[in-house]
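Not measured: the values here are computed from a predicted model. Order of the sequence lines fixes the chain letters, A, B, ..., with proteins taken first and strands second; residue numbering starts at 1 for each chain.
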Amino acid sequence: MSQEHATESAMARPPVTQVGAVRWLRENLFSGWLNTTLTLLTIYILYVALPPLLDWVIFNAAISGTDRDNCTYAGACWVFVKVRFWQFMYGFYPEPERWRVNVVFIIGILGVASLLTSRVPTKAKLIVGVCMLTIFPVFAVVMFGGGVFGLEYIETSQWGGLFLTLTVASAAMVGSFPLGMVLAIGRRSKLPVVKTFCVCFIEFFRGVPLITILFMASVMVPLFLPEGLTLDKLARAIIGITIFNSAYMAEVIRGGLQSIPKGQYEAAHALGLSYWQGMGLIILPQALKAVIPGLVNTFIGLFKDTTLIYIIGIFDLLGMVQASFRDTKWLGLAFEGYAFIMLVFWIFCYSMSKYSQYLERKLNTGHKS
Amino acid sequence: MATDVKDEPQPVRPNIWNDARARAVFLQIIMVILVVAGFAYIADNAITNLRRLNISTGFGFLGTTASFDIGFTLISYSAASTYGRAFLVGLLNTLFISSIGVVLATILGFTVGVLRLSNNWLISKLMGAYVEIMRNIPLLLQIFFWYFVIINTVPGPRGSLALPLGVMLNNRGLYSPDPTFLPGFSATPIVLILAIIGSIILHRWSRKRQEATGQHFPSILTGLGMIVCLPVIAFLVTGKPVSWTFPELRGFNLQGGVQLPPEFVALLMALVIYSSAFIGEIVRAGILAVSKGQTEAAYSLGLKPSFTLRLVIIPQALRIIVPPLTSQYLNLTKNSSLAAAVGYPDLVHIFAGTTLNQTGQAIEIIFITMMVYLTISLSISAFMNWYNQRVALVER
């Protein structure tokens, strides 16, 4: 460290401004007058804004207790979220029956997890995948709704909270994927009628806002059904979201189909495979692999869009929180409620987007670049 | 195929169900029949149901009196106006908030995208956090947050926050000074239009001259100067023919000036911030996609950094940025329909909400609403296709 040492030794250490933290600071924060000004300005803004915010959200916030009296005006009142937590999760689903929701979700999570981990052999994955797409939805509907096998019947108007949000999102996802695939293949078909139909379908649903489709599902669809036949409001909303999302899904899958070189189609033909054999065995596996990140992004969009069902009067997570504000005991706690849902949605969406980035890196086997 | 081909020269006709062309025709006929039958079934049900529920049909309702009030209108409207007029009010409100939103989101989004690429560590991380937070929270939630939390914490009319340029903000909305144009003002816009035309001509001339002689003329700078300075001069020469009415506290509320309701402010803020996060990512990806070799090649050709940016980087980045950018604009326009959730009187709120509830004519109203959005979408995508063709890479 001493100067004599530095001048004498052949392995003299570089000047202090060229190494370690100082160099990093110089390069990344103070590399010129403009950068220095920007840095200082940002630090000042953070200094002014962050401490009071943190004080309010964390340090002065009320966490313990079960009553409004535990809250002060100096900080956020997380007691409200704590007291209402299970209602935010399950809505008005009767408490003794909540195990049914839990069972379905645990099985669902296990199923999805087994599909995502690389340790499970492909054949087992295929079986699990087929079960998840066919038997599992039926099982979930029976468990949630009840009315058979001695399970108590629970109306869909009692479903709510995060459980409903996840249910709507997964149902719409499972439904829109095959529909989107058919639409994408149809859009690239050589048959003019099929192609026109698919193009019109896709462009129509991509061109209108989701909320108009939900309005359509809630006020127009009942008019389209024959007399005496009614369809549950929740089911109508899910169908609306599914159709809307399938149009976006179709465009993503079409991108994948277009990225497959013509030689692959020709090779499939040359092997004597029929159109559908070629599609199923050669084209789609490659195309879908190429667009998995895009599909995950579409799913993130779908997940965020499920909040819109609140507008047509279905109590998803946002709806439950919104409804809880009307409780006179807990008035004026909008910030806490919204902050909580924001956090929930953010965690879900952010982890999905990180996962899609990870997939992008993993699937990038270097064919293209 | 076991028959001896040599003895029978004419080819074996395949069975009709093995002929690809016949199969295609058959399949398409089936599809047309199914689609037509499906629509016919739905239409038949709808007619029966409408008759049963005693709901009138047709577009005649557009001419009847609406008898409801609208809080925020750009054109004159009263409860005595027709549903058609209400539709127009809603449409204009939708276009109004979308166009302002597009402009602001573009400015904010480009700033975020460029700053995220800054070599200042603190700023780029901060912008990264902004993008990741904003685009992962549902828009509806953000609208509610602005409307029920932030607008509510803003003080009431007596404690209005004074913003720059005489703009006032309180929990009843945003107030800006209202200009009244006095005679003689018309000279300013005329000069502005002339200046724009003049600068375009100047730009063309300088380009031609540069191609012919190689001499450079700073046409963009001169043009901008013309567009800014000449109208200002005209404005001053004609004696500043604009008077401003400033909002001021009278009684319990601010009076005078242009008032934008709190719903508008909340919706606009949420739309701008949500879209800017996406636009920021598009801009960043676009700039990163221009390979570094392009910059190096431009430098080695002796171009100045400013020319490199303008002539080499930006045109190539824009080619990548513009298509997703237009689809973001489209999303913003469609997302403005969430106005219905906070009660900003846009097309969906007035027409697919109030009007539908009053008349019950769901089919016509939802149809018109969807057609409006579809028209906007298709015209923007038509523009995008035109632009794409214009800037597409010409490979030789």
Option that, when pairs with chain B are counted at under 4.5 Å, heavy atom only, ranks first among A:Thr306, A:Leu225, A:Ile311, A:Val344:
A:Leu225

For the residue pair B:Ile151 and B:Ala266, what are the closest heavy atoms and their distance?
CG1-CB, 4.3 Å

Using a cut-off of under 4.5 Å on heavy-atom pairs, state which of B:Leu115, B:Val149, B:Val32 scores highest against chain A.
B:Val149

Tell me, for B:Met31 versus chain A, whether the close heavy atoms (under 4.5 Å) come from the side chain, the backbone, both or neither.
side chain

Counting heavy-atom pairs under 4.5 Å to chain A, which of B:Ile29, B:Asp44, B:Val372, B:Ile42 comes out on top?
B:Ile42

Check whether B:Thr369 gets within reach of chain A through its side chain, its backbone, both or neither, counting any heavy atom under 4.5 Å.
side chain

Short side-chain to backbone donor-acceptor contact, B:Asp346 and B:Thr94, under 3.5 Å:
no

So which of B:Asn335, B:Ile133, B:Leu126, B:Leu27 has the largest heavy-atom pair count under 4.5 angstrom toward chain A?
B:Ile133

Give a yes or no on whether the backbone of A:Gly294 and the side-chain of A:Thr298 come within a donor-acceptor separation of less than 3.5 Å.
yes

Heavy atoms only: give me the nearest A:Ile241-A:Ala172 pair and the separation to one decimal.
CG2-CB, 3.8 Å

For A:Thr39 and B:Asn120, which I'm curious about, is there any donor-acceptor pair between the side chains at under 3.5 Å?
yes

Where does B:Ala340 contact chain A at under 4.5 Å (heavy atoms): side chain, backbone, both or neither?
side chain

Measure A:Pro222 against the heavy atoms of chain B and call it side chain, backbone, both or neither at under 4.5 Å.
backbone

Checking heavy atoms, do the side chain of A:Ile341, its backbone, both or neither come under 4.5 Å from chain B?
both

Within the supplied structure, the quantity of interest is the number of heavy atoms (other residues, nucleotides, ligands) at a distance under 6.0 Å from B:Phe367 CZ; does it exceed 12?
no

Winner by heavy-atom pair count (cut-off under 4.5 Å) against chain B, out of A:Tyr275, A:Phe348, A:Tyr350, A:Phe303
A:Tyr350

Tell me, for A:Leu38 versus chain B, whether the close heavy atoms (under 4.5 Å) come from the side chain, the backbone, both or neither.
both

Contact class of B:Ile123 relative to chain A, heavy atoms under 4.5 angstrom
side chain

Any side-chain donor-acceptor pair under 3.5 Å between B:Tyr130 and B:Ser276?
yes

Selection from A:Cys349, A:Pro192, A:Pro209, A:Gly301 maximising heavy-atom pairs under 4.5 Å formed with chain B
A:Pro209

For the residue pair A:Tyr338 and B:Gln142, confirm or rule out a side-chain donor-acceptor distance under 3.5 Å.
no

With B:Arg135 via salt bridge (Lys or Arg N to Asp or Glu O under 4.0 Å) - residues at least two apart
B:Glu132

Other residues, nucleotides and ligands only: do more than 12 of their heavy atoms fall within 6.0 Å of CZ on B:Arg51?
no

Part of A:Phe197 within contact of chain B (heavy atom distance under 4.5 Å):
side chain

Just give me the residue among A:Val321, A:Asp305, A:Ile347, A:Thr307 that pairs up with chain B most often, heavy atom to heavy atom, under 4.5 Å.
A:Thr307

Turns out that what part of A:Ile213 lies under 4.5 Å from chain B's heavy atoms comes down to both

